[in-house]
Amino acid sequence: MSLEANKTTLRQYLEAWGNGDTDTLKALLDKDAETHVNALHTEPGMTFEPFACETWITSFPDTELKIEKLVAEGDLVTAYWVVNATHQAEFMGIAPTNKQVTFGGLEINRIVDGKIVEIWRLSDTSTLMEQLNPTQTE
C-alpha cells in the first residue's frame, strides 16, 4: 500500500478512537494485531484497543482527538496527537471531576495491506493524572 493509503488508515483509526467507534477500530486492526503499551508490556490489539477505547469514552464522552503530526515511511506511520476531554465518569478509580483535560501521545503504527498490525503508543499519562488530581485547581 502507498504511504498516503497507510496515513489514511491511521487517520481513520484515530478518528474512530476519539469517537468511541470500536466497530471501525476492529475493522482496521489485523486479527493478530499487537499493542505495545509500554517498554515491558504487550497486549493483543484486537481485544485491548476496543476495551481501552470503551473505557476511555465512558469516562470522557466528549473526547476530541486531534492529529498534530503524521509521518509515514515504509509500512510505518507515526502520529503525534492531542486529546481534549472532560472527566465525566469514574476513570481508573477516580470519581468524576468534571475537569477538562489536555494531554498528548505519540504512536508508531505498522500497517500491512490496509490493516494495523502493530501499535507502539506512549501517552502522557503523567499530565493526564496530574489534571485529574482532586487537589489540583483549574
Side-chain angles (χ1 to χ4, degrees):
M1 307 238 7
S2 73
L3 295 179
E4 285 307 312
N6 286 347
K7 288 166 72 173
T8 296
T9 296
L10 187 56
R11 277 189 201 99
Q12 292 170 339
Y13 187 82
L14 291 174
E15 181 180 309
W17 225 105
N19 293 328
D21 181 357
T22 57
D23 289 336
T24 298
L25 296 184
K26 291 174 189 175
L28 294 171
L29 285 166
D30 182 81
K31 66 178 180 59
D32 297 318
E34 292 184 325
T35 299
H36 305 277
V37 181
N38 59 44
L40 303 174
H41 190 76
T42 299
E43 291 281 349
M46 187 58 86
T47 54
F48 175 77
E49 290 294 316
F51 170 78
C53 180
E54 287 175 1
T55 300
W56 176 263
I57 291 296
T58 297
S59 300
F60 300 87
D62 66 342
T63 294
E64 294 177 12
L65 188 152
K66 181 179 178 194
I67 298 171
E68 297 287 337
K69 300 288 181 197
L70 198 63
V71 179
E73 179 178 302
D75 63 358
L76 301 176
V77 182
T78 300
Y80 175 71
W81 44 259
V82 173
V83 163
N84 291 293
T86 307
H87 181 212
Q88 298 178 36
E90 184 177 319
F91 179 71
M92 297 180 68
I94 301 171
T97 62
N98 292 311
K99 291 183 177 182
Q100 180 75 29
V101 298
T102 301
F103 68 99
L106 179 68
E107 59 185 75
I108 302 169
N109 294 260
R110 189 163 66 91
I111 301 172
V112 177
D113 296 328
K115 299 281 187 173
I116 297 171
V117 296
E118 272 186 290
I119 301 168
W120 293 267
R121 182 179 298 128
L122 294 172
S123 300
D124 187 2
T125 54
S126 294
T127 296
L128 169 63
M129 297 310 276
E130 182 179 304
Q131 292 173 73
L132 295 179
N133 183 337
T135 62
Q136 181 80 14
T137 58
E138 296 187 37

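The structure places OG1 of T42 at 9.5 Å from CH2 of W120, a figure rounded to the nearest 0.5 Å. The structure places OH of Y13 at 7.5 Å from CD of E107, a figure rounded to the nearest 0.5 Å. Taken from CZ in F91 to OG1 in T55, the straight-line distance is 8.0 Å, to the nearest 0.5 Å. Here E90 contributes atom CD and T58 contributes atom OG1; the two are 11.5 Å apart, rounded to the nearest 0.5 Å. The CD atom of E73 sits 8.5 Å away from the OG1 atom of T78 when rounded to the nearest 0.5 Å. Annotation: the span from M92 atom CE to L128 atom CG amounts to 8.0 Å, rounded to 0.5 Å.
Annotation for E68: atom CD counts as buried by contact number, over 12 foreign heavy atoms lying within 6.0 Å. Within a 6.0 Å sphere centred on OH of Y80, heavy atoms belonging to other residues, nucleotides or ligands number more than 12.
Of the charged side-chain nitrogens involved, none lies within less than 4.0 Å of a carboxylate oxygen, so that R121 and E43 do not count as a salt-bridged pair.
A parallel orientation is assigned to the rings of F60 and W56, their planes being inclined by less than 30° (bins at 30° and 60°).
When each of I119, L28, N109 is paired with L10, the side-chain contact (heavy atoms from CB on, under 4.5 Å) condition holds for N109 and for no other. For the side-chain contact (heavy atoms from CB on, under 4.5 Å) with I116, the qualifying choice from I111, T35, N6 is I111, the only one to do so.
Between the side chain of Q131 and the backbone N or O of T127 there is at least one donor-acceptor pair closer than 3.5 Å. Side chain of D124 to main chain of F103: no donor-acceptor pair is present (N/O by atom type, distance under 3.5 Å, no hydrogens or angles). Between the side chain of T86 and the backbone N or O of Q100 there is no donor-acceptor pair closer than 3.5 Å. Distance alone, capped at 3.5 Å, is enough to place a donor-acceptor pair between the K99 side chain and the N133 backbone. K26 places no side-chain N or O within donor-acceptor distance of the main-chain N or O of T47, the cut-off being under 3.5 Å.
Transitive grouping of hydrophobic side chains (ILVMFWY, heavy atoms separated by less than 4.5 Å) keeps V82 and L14 in distinct clusters. Residues M129 and V83 share a hydrophobic cluster, clusters being chains of Ile/Leu/Val/Met/Phe/Trp/Tyr side chains in contact below 4.5 Å. Residues I108 and W81 do not share a hydrophobic cluster, defined by chaining ILVMFWY side chains whose heavy atoms lie under 4.5 Å apart. Cluster annotation: I57 is connected to L132 through the hydrophobic network of ILVMFWY side chains, with a link wherever side-chain heavy atoms come within less than 4.5 Å. Clustering ILVMFWY residues whenever any of their side-chain heavy atoms sit less than 4.5 angstrom apart, transitively, puts V101 in the very cluster that holds I67.
With contacts defined as side-chain heavy-atom distances shorter than 4.5 Å, the pair N98/Q88 qualifies. No side-chain heavy atom of T9 sits under 4.5 Å from any side-chain heavy atom of V77. The closest side-chain heavy-atom distance from E15 to T24 is not below 4.5 Å.
Closest of all the heavy-atom pairs between K115 and D30 is CB-N, 3.9 Å.
Annotation: side chain to side chain donor-acceptor pair (under 3.5 Å) contacts of S123 (sequence neighbours excluded): none. Scored by the ring pair (Phe, Tyr, Trp, His ring centres under 6.0 Å) test, F48 finds no partners at all (sequence neighbours excluded).
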